[in-house]
Amino acid sequence: MSDAISFLSPRADVLARRAQIVADLTDLLPPECLVHEARELVPFETDAFVSYRRLPLAVALPRTTAEVSAVMRYCHRYGIPVVPRGAGTSLSGGAIPQEDAVVLGLSKMNSILEIDLPNRVAVVQAGVTNLNISESVSADGFFYAPDPSSQLACTIGGNIGMNSGGAHCLKYGVTTNNLLGVRMVLVDGTVIELGGKALDAAGYDLLGLVCGHEGQLGIVTEATVRLIAKPEGARPVLFGFESSEEAGACVADVIAAGIVPVAIEFMDKPAIEICEAFAHAGYPLDVGALLIVEVEGSEAEMDATLKDIVEIARRHAVKTVRECQSATEAALIWKGRKFAFGATGRIADYICMDGTVPLSQLSYVLRRTAEIVDHYGLRVANVFHAGDGNMHPLILFNANDPEDAARAEAAGNDILKLCVDAGGCLTGEHGVGIEKRDLMRHQYSEADLAQQMAARAAFDPGWLLNPSKVFPLEGRPAA
């Protein structure tokens with residue numbers, strides 16, 4: 001385990017009362033909803049950012065909003081930190097606990113409460129998986145648009161916490177564009193409702209503040225999400241280029257021309273080779289970079305859009321243009337992309353970065369990313385949402401070598417700084433967590449950070465919710 005990122009010191013008074021806290025939680029929850037034995041806590045010690053681990057004090061797994069409220073009310077009364085947890089797929093350490101914290105997991109709250117097709121919304125509990133929403137309405141011709149690569153496992157509560165996106169966010173937007181309302185439990189146990197089925201809610205846009213809050217403003221237990229009608233047709237097309245720079249320039253020109261495909265995904269040569277070995281999707285292996293461009297609509301609409309995109313690609317010396325010919329082929333093309341992170345894990349340990357850049361800077365940032373990683377003596381595979389400039393460099397390293405791990409973290413930090421300096425930001429969809437917390441000052445002034453922390457403290461004055469995350473530990477207001 002690396003020690004480069006620090007955590008807040010555990011509260012001694014909370015640690016000293018551990019036995020009593022467990023006993024009190026036992027009174028609030030049935031036995032199957034509380035985990036407190038040391039060996040049973042191990043699965044909760046980290047999330048998908050596996051470089052850091054901490055055993056929590058206990059894990060509460062409530063089944064209802066009322067049970068969440070009871071746990072929050074108790075923890076608030078006795079000054080016990082709480083770390084919210086969905087499926088644990090966070091790549092920024094957003095769900096990593098600390099020794100004095102109760103992890104509040106929402107995995108048992110996994111029911112779809114209502115499908116309202118006339119209003120095109122679904123009401124779901126926070127533990128429902130992203131993909132399950134689309135599967136529940138697919139037969140009726142609808143889907144839920146945000147589709148993170150982890151959509152098979154990640155849950156809607158975590159998606160709201162990180163404002164997750166996915167391959168199709170270019171056209172349909174990220175979570176905040178598809179979220180209409182939430183039920184949320186505040187730090188003191190109060191239950192509030194924000195938004196609802198209406199397209200616009202009265203008052204301040206607190207829902208916009210909550211989406212992306214990384215579990216620091218409250219615990220979302222239910223969500224009302226937008227459902228979208230399936231398009232008449234969809235067609236992914238593979239474009240192969242000589243270099244990453246040419247592929248990046250093509251993406252910028254497509255968007256500049258006013259063309260908005262449903263998705264534009266990017267892979268460089270290392271990523272192509274890794275994903276093809278796993279999915280056997282027919283990716284071209286003789287190119288330096290690949291774009292997966294998906295268009296949708298009627299056959300005539302798709303043909304017209306693709307004609308314009310192909311013309312732009314030819315200006316960038318495109319080597320390969322291949323349209324899928326069947327639903328099976330389309331599924332294979334997306335299988336390679338959706339499982340890119342898992343496929344990479346078969347060959348090496350890696351850190352997945354998550355910065356955004358203006359499309360006009362995409363080619364430059366790709367070139368500099370390669371130079372940065374090479375400077376640290378490491379390798380990188382790039383696979384990301386090119387249409388909205390959301391970079392995901394996978395920095396390959398040996399996790400069993402502390403020096404190698406330190407170099408990987410240093411390279412990742414330099415890449416994120418590069419994204420900010422190029423006019424982008426530290427995160428597109430993975431959140432800040434602990435990973436980017438100490439880089440916040442590279443993007444924000446002290447006045448900016450103070451304003452953000454003031455908004456956070458309005459919801460949680462004692463900084464009990466996910467306390468080691470998002471904001472630098474130094475310079476925080478006194479709780």
**Q** Just grab all the side-chain hydrogen bond (donor to acceptor under 3.5 Å, both in side chains) pairs involving residues 426-436, residues at least two apart or on different chains.
**A** Asp354-Thr427, His385-Glu429, His392-Glu429
**Q** My understanding is that only residues two or more places apart in sequence, or in another chain, count here; which of them pass ring pair (Phe, Tyr, Trp, His ring centres under 6.0 Å) with Phe142?
**A** none
**Q** Anything under 3.5 Å between a donor and an acceptor, one on a side chain of residues 245-263, the other on a protein residue two or more places apart or in another chain? List them.
**A**
residue: Glu246; atom: OE1; partner: His316; partner atom: ND1; Å: 3.3
residue: Asp253; atom: OD2; partner: His316; partner atom: NE2; Å: 2.7

**Q** Please say which of Asp374, Ile415, Ile351, Val373 ends up in a side-chain contact (heavy atoms from CB on, under 4.5 Å) with Val380.
**A** Val373
**Q** Using 0.5 Å steps for rounding, measure from the CE atom of Met267 to the SG atom of Cys275.
**A** 4.0 Å
**Q** Quick check: closest heavy atoms across Gly215 and Pro84, and the distance to 0.1 Å?
**A** O-CG, 3.6 Å
**Q** Mind running side-chain contact (heavy atoms from CB on, under 4.5 Å) on Phe471 and Val432 for me, showing each step along the way?
**A** CA-CA 8 Å; Phe471 297 105; Val432 176; over 6 Å; no
**Q** For residues Leu41 and Glu45, determine if any side-chain heavy atom of one lies less than 4.5 Å from a side-chain heavy atom of the other.
**A** no
**Q** Checking the side chain of Tyr350 only, and the main-chain atoms of Ala381 only, is there a donor and an acceptor separated by less than 3.5 Å?
**A** no
**Q** Quick one: list whatever passes salt bridge (Lys or Arg N to Asp or Glu O under 4.0 Å) with Asp116, sequence neighbours left out.
**A** Lys197
**Q** Can you name the residues that form a ring pair (Phe, Tyr, Trp, His ring centres under 6.0 Å) with Tyr144, not counting sequence neighbours?
**A** none
**Q** Measuring from Trp334:CH2 to Glu265:CD, what's the distance to the nearest 0.5 Å?
**A** 5.0 Å
**Q** Any side-chain heavy atom of Asp460 within less than 4.5 Å of one from Gln216?
**A** no
**Q** Sequence neighbours left out, what passes ring pair (Phe, Tyr, Trp, His ring centres under 6.0 Å) with Tyr376? Give chain and number order.
**A** none
**Q** Assess, by modelled atom type and distance only, whether the side chains of Asp404 and Asn398 contain a donor and an acceptor separated by less than 3.5 Å.
**A** no
**Q** Which atom pair, heavy atoms only, marks the closest approach of Ser136 to Ile112?
**A** OG-CD1, 2.9 Å
**Q** Any chance you could measure Asn178, atom CG, to Tyr172, atom OH, to the nearest 0.5 Å?
**A** 10.0 Å
**Q** How long is the span from the CZ atom in Phe278 to the OG1 atom in Thr344, to the nearest 0.5 Å?
**A** 10.5 Å
**Q** Does Asp47 reach the side chain of Thr89, with side-chain heavy atoms less than 4.5 Å apart?
**A** no
**Q** Can you see which heavy atom on Glu232 is nearest to which on Ser298, and at what distance?
**A** OE1-CB, 3.6 Å
**Q** Any luck finding a side-chain donor-acceptor pair between Asp421 and His442 under 3.5 Å?
**A** yes
**Q** Treating Lys469 as the side-chain partner and Val83 as the backbone partner, does any N or O pair qualify as donor plus acceptor under 3.5 Å?
**A** no
**Q** Ignoring hydrogens and angles, tell me if any N or O in the side chain of Arg322 forms a donor-acceptor pair with the backbone of Gly282 under 3.5 Å.
**A** yes
**Q** Determine yes or no for a side-chain-to-main-chain donor-acceptor pair under 3.5 angstrom, with Glu294 supplying the side chain and Ile264 the backbone.
**A** no
**Q** Drop me the distance from Cys154's SG to Asn159's CG, to the nearest 0.5 angstrom.
**A** 4.5 Å
**Q** Give a yes or no answer on whether the side chain of Tyr283 reaches the backbone of Glu273 with a donor-acceptor pair at less than 3.5 Å.
**A** no
**Q** Side chains of Leu362 and Val357: does their closest heavy-atom pair fall under 4.5 Å?
**A** yes
**Q** Could you give me the CA-CA distance, side-chain angles and deciding distance for Ile96 and Ile434, then say whether side-chain contact (heavy atoms from CB on, under 4.5 Å) is met?
**A** CA-CA 9 Å; Ile96 295 177; Ile434 62 168; 3.9 Å; yes
**Q** Consider only side-chain N and O atoms of Lys230 and Ser138, and report whether a donor and an acceptor are under 3.5 Å apart.
**A** yes
**Q** Test of understanding: with side-chain contact (heavy atoms from CB on, under 4.5 Å), list the residues that count as partners of Ala348, not counting sequence neighbours.
**A** Arg379, Leu396
**Q** With sequence neighbours left out, which residue pairs that include part of residues 147-171 fulfil the salt bridge (Lys or Arg N to Asp or Glu O under 4.0 Å) condition?
**A** Asp147-Lys338, Lys171-Glu296
**Q** Would you be so kind as to tabulate the donor-acceptor pairs closer than 3.5 Å made by side chains of residues 303-311, with sequence neighbours excluded?
**A**
residue: Asp303; atom: OD1; partner: Arg235; partner atom: NH1; Å: 3.0
residue: Asp303; atom: OD1; partner: Arg235; partner atom: NH2; Å: 3.3
residue: Thr305; atom: OG1; partner: Glu301; partner atom: O; Å: 3.0

**Q** According to salt bridge (Lys or Arg N to Asp or Glu O under 4.0 Å), does anything in residues 149-170 pair up with another residue at least two apart or in another chain? List the pairs.
**A** none
**Q** Sorted by first residue and then second, give each side-chain hydrogen bond (donor to acceptor under 3.5 Å, both in side chains) pair with at least one member in residues 358-370; sequence neighbours left out.
**A** Arg368-Glu371
**Q** For the residue pair Arg54 and Gln98, confirm or rule out a side-chain donor-acceptor distance under 3.5 Å.
**A** no
**Q** Taking everything shown except Leu113 itself, do over 12 heavy atoms lie less than 6.0 Å from its CG?
**A** yes
**Q** Could you tell me whether the side chain of Gln151 reaches within less than 4.5 Å of the side chain of Thr129, counting heavy atoms only?
**A** no
**Q** Could you tell me the separation between the CG atom of Leu179 and the OG1 atom of Thr224, rounded to the nearest 0.5 Å?
**A** 8.0 Å
**Q** I'd like to know whether Arg437 forms a side-chain contact (heavy atoms from CB on, under 4.5 Å) with Leu473, so could you lay out the CA-CA distance, the side-chain angles of the two residues, the decisive distance to 0.1 Å, and finally the verdict.
**A** CA-CA 8 Å; Arg437 183 193 69 201; Leu473 301 185; 3.8 Å; yes
**Q** Tell me whether Thr175 contacts the main-chain N or O of Ser164 through its side chain, where contact means a donor paired with an acceptor under 3.5 Å.
**A** yes
**Q** Measure across Met109 and Val68 and return the closest heavy-atom pair with its distance rounded to 0.1 Å.
**A** SD-CG2, 3.9 Å
**Q** So do the side chains of Ile219 and Leu104 get within less than 4.5 Å of each other, counting heavy atoms only?
**A** yes
**Q** Please find the pair of heavy atoms, one from Thr155 and one from Gly86, that lie closest to each other, and give the distance.
**A** OG1-CA, 3.7 Å
**Q** For the residue pair Gly288 and Ser244, what are the closest heavy atoms and their distance?
**A** O-OG, 4.1 Å
**Q** Could you tell me which residues satisfy ring pair (Phe, Tyr, Trp, His ring centres under 6.0 Å) with Phe397, sequence neighbours excluded, listed by chain and number?
**A** none
**Q** Check whether any side-chain N or O of Gln325 sits under 3.5 Å from a backbone N or O of Glu323 as a donor-acceptor pair, and report yes or no.
**A** yes
**Q** Between Ser92 and Phe49, is there a side-chain heavy-atom distance shorter than 4.5 Å?
**A** no
**Q** Centroid separation under 6.0 Å, is that true for the rings of Phe266 and Phe241?
**A** no
**Q** Examine distances only and state if a side-chain atom of Asn382 and a backbone atom of Leu394 form a donor-acceptor pair shorter than 3.5 Å.
**A** no
**Q** With side chains defined as the heavy atoms from C-beta onward, is the minimum distance between Leu207 and Asp205 less than 4.5 Å?
**A** yes
**Q** Quick check against the 3.5 Å criterion: does Asn130 have a side-chain atom that pairs as donor or acceptor with the backbone of Ala153?
**A** no
**Q** Donor-acceptor check, side chain of Lys319 to backbone of Gly240, threshold 3.5 angstrom: yes or no?
**A** no
